[in-house]
Amino acid sequence: MGLGHLLIISLTLFCTGLQVVTAFEWGYWGKYGPKSWPGMCTTGKKQSPIDIVTEDAIRIDLGALKFDRYDFAFSGTLTNNGHTIQIKLHGVPIHLSGGSLPSVYILEQMHFHWSAEHTVDGLRDPLELHLVHYDNQYANFSEATQHENGIVVVAVLFELNTYDNPDLIQILETTKIVSNWVGKSMTPIRSKLIPLLLLPKDHTTYYNYEGSLTTPGCQESVMWFVMTEKLPISEAQVNVFRHVQSNNGTLKYNYRPKQNLGDRKVYHRLDGYNSASSLYASSMICTVVNILLVSFLRKTF
Ligand SMILES: *[C@@H]1O[C@H](CO)[C@@H](O)[C@H](O)[C@H]1NC(C)=O
Ligand SMILES: *[C@@H]1O[C@H](CO)[C@@H](O)[C@H](O)[C@H]1NC(C)=O
Ligand SMILES: [Zn+2]
């Protein structure tokens with residue numbers, strides 16, 4: 001084998017390697033934007049995000065979500081992965097259950113989208129936080145994405161206000177540090193983080209529907225819980241996110257466009273909202289009580 005052969009082989013290997021890299025490249029604009037995301041992203045039938053039409057949402061009491069250990073203070077690290085700002089918390093696992101969930105879900109990571117991915121009656125807020133959980137019966141997050149209902153994402157919308165949100169200050173200070181460091185390096189967040197403070201006060205009322213991850217491979221394994229109540233954020237705070245760098249310039253925005261709802265239903269969970277079946281049950285109880293009362297009265301008189 002001559003030098004020429006070796007050169008061709010190594011060139012081929014080099015180019016194959018490059019192709020593998022570019023095949024997985026994706027972004028929010030240009031050649032590799034959402035329209036050219038591969039696989040389920042284009043062929044799926046239960047994709048996210050969606051526009052939530054409040055009038056069409058089915059009002060029902062699905063039970064409150066149970067946020068376990070969300071009130072603890074955690075140390076955490078923050079990463080600019082070129083697509084988002086992502087936070088991982090360390091220490092004891094944080095659990096989500098209740099709300100008609102079939103299992104207990106572990107908090108894997110949190111990240112942000114600017115602007116928001118879910119719109120409500122067509123209105124797009126400047127920021128959306130995703131708290132990503134996976135079913136604890138699976139070994140890890142990536143395995144859970146392969147199973148129906150394997151993933152639960154709690155989404156919190158932030159609406160523009162005139163004052164800074166004090167609960168975002170630590171996250172934003174660390175975001176400024178990593179905004180030029182695209183990659184996997186993790187930077188510690190200076191003070192401890194209490195995840196409960198990143199949820200609205202009323203975290204019992206939410207929109208619920210079945211959908212997908214909003215980034216490639218767009219796996220359709222996600223139960224979405226979009227909180228009804230929103231949190232505030234100032235323009236200056238949103239601008240910190242808008243200055244984050246990606247592999248292809250400033251990450252001015254990182255939201256996926258609206259996907260078709262198709263034949264899916266959106267539920268609006270309201271506390272104490274009586275479903276038809278519980279009304280039926282209480283009318284059954286009344287009937288039984290009436291029969292007993294009548295027979296009791298007959299015996300007495
Ligand atoms: C980078 O961004 C430019 C526009 O800002 C776009 O035309 C181009 O396709 C993008 N490149 C990649 C690799 O996404
Ligand atoms: C996730 O779990 C599966 C199954 O146990 C394993 O094959 C895979 O390597 C794990 N992936 C990661 C990223 O830990
Ligand atoms: Zn997300």
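Positions are given from 1, in the same order as the sequence printed here. Read the numbers this way: they start at 1 and go in the same order the structure lists the ligands and their atoms. The shown structure was predicted, so the numbers you read here are calculated from the model rather than taken from an experiment.
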| said: Is the distance from the ring center of Trp224 to that of Tyr267 below 6.0 Å? | reply: no
| Hey, would you say the His118 and Tyr209 ring centroids sit under 6.0 Å apart? | yes
| query | Looking just at side-chain N and O atoms, do Asn248 and Ser246 make a donor-acceptor pair shorter than 3.5 Å? | reply | no
| request: Return yes if a side-chain donor-acceptor contact under 3.5 Å exists between His90 and Thr77, otherwise no. | output: yes
How far is [atom] from its nearest protein heavy atom, and which residue and atom name does that atom have?
atom	result
atom 11 (N) of ligand 1	Asn248 ND2, 2.8 Å
atom 6 (C) of ligand 2	Asn140 ND2, 4.3 Å
atom 7 (O) of ligand 1	Gly30 CA, 4.3 Å
atom 4 (C) of ligand 1	Trp29 CD1, 3.9 Å
atom 13 (C) of ligand 2	Ser142 OG, 4.1 Å

| message | Under the criterion side chain to side chain donor-acceptor pair (under 3.5 Å), I'd like the reasoning laid out for Thr79 against Asn81: C-alpha separation, chi angles, the key distance, then a yes or no. | response | CA-CA 6 Å; Thr79 310; Asn81 65 18; over 6 Å; no
| message | If you scan the protein for heavy atoms around atom 9 (O) of ligand 2, do you find one that is closer than 4.0 Å? | response | no
| query | Is atom 2 (O) of ligand 2 less than 4.0 angstrom from some protein heavy atom? | reply | yes
| remark: Quick note on ligand 1: atoms under 4.0 Å from a heavy atom of Tyr32 include exactly 12 (C), 13 (C), 14 (O)
| request: Would you mind listing which atoms of ligand 1 come within a distance below 4.0 Å of any non-hydrogen atom of Glu25? | output: 13 (C)
| query | Between Trp37 and Trp26, what is the ring plane arrangement, given parallel below 30°, perpendicular above 60°, and tilted in between? | reply | perpendicular
| Three-point angle His113:NE2, the Zn ion (ligand 3), His111:NE2, rounded to the nearest 10° | 100°
| field | Ser179/His243 under side-chain contact (heavy atoms from CB on, under 4.5 Å): CA gap, chis, key distance, verdict | value | CA-CA 7 Å; Ser179 57; His243 284 97; 5.8 Å; no
| message | Give the atom numbers and elements of ligand 2 that come within less than 4.0 Å of a heavy atom of Glu143. | response | 4 (C), 5 (O)
| Counting from 1, what ligand 2 atoms have a heavy atom of Ala139 closer than 4.0 Å? | 2 (O), 5 (O)
| field | Salt bridge flag under 4.0 Å for residues Lys88 and Glu108 | value | yes
| Within the distance-only criterion (no hydrogens, no angle test), does the side chain of His268 pair as donor or acceptor with the backbone N or O of Arg59 below 3.5 angstrom? | no
| said: From the N, O or S atoms in His130, identify the one nearest to the Zn ion (ligand 3). | reply: ND1
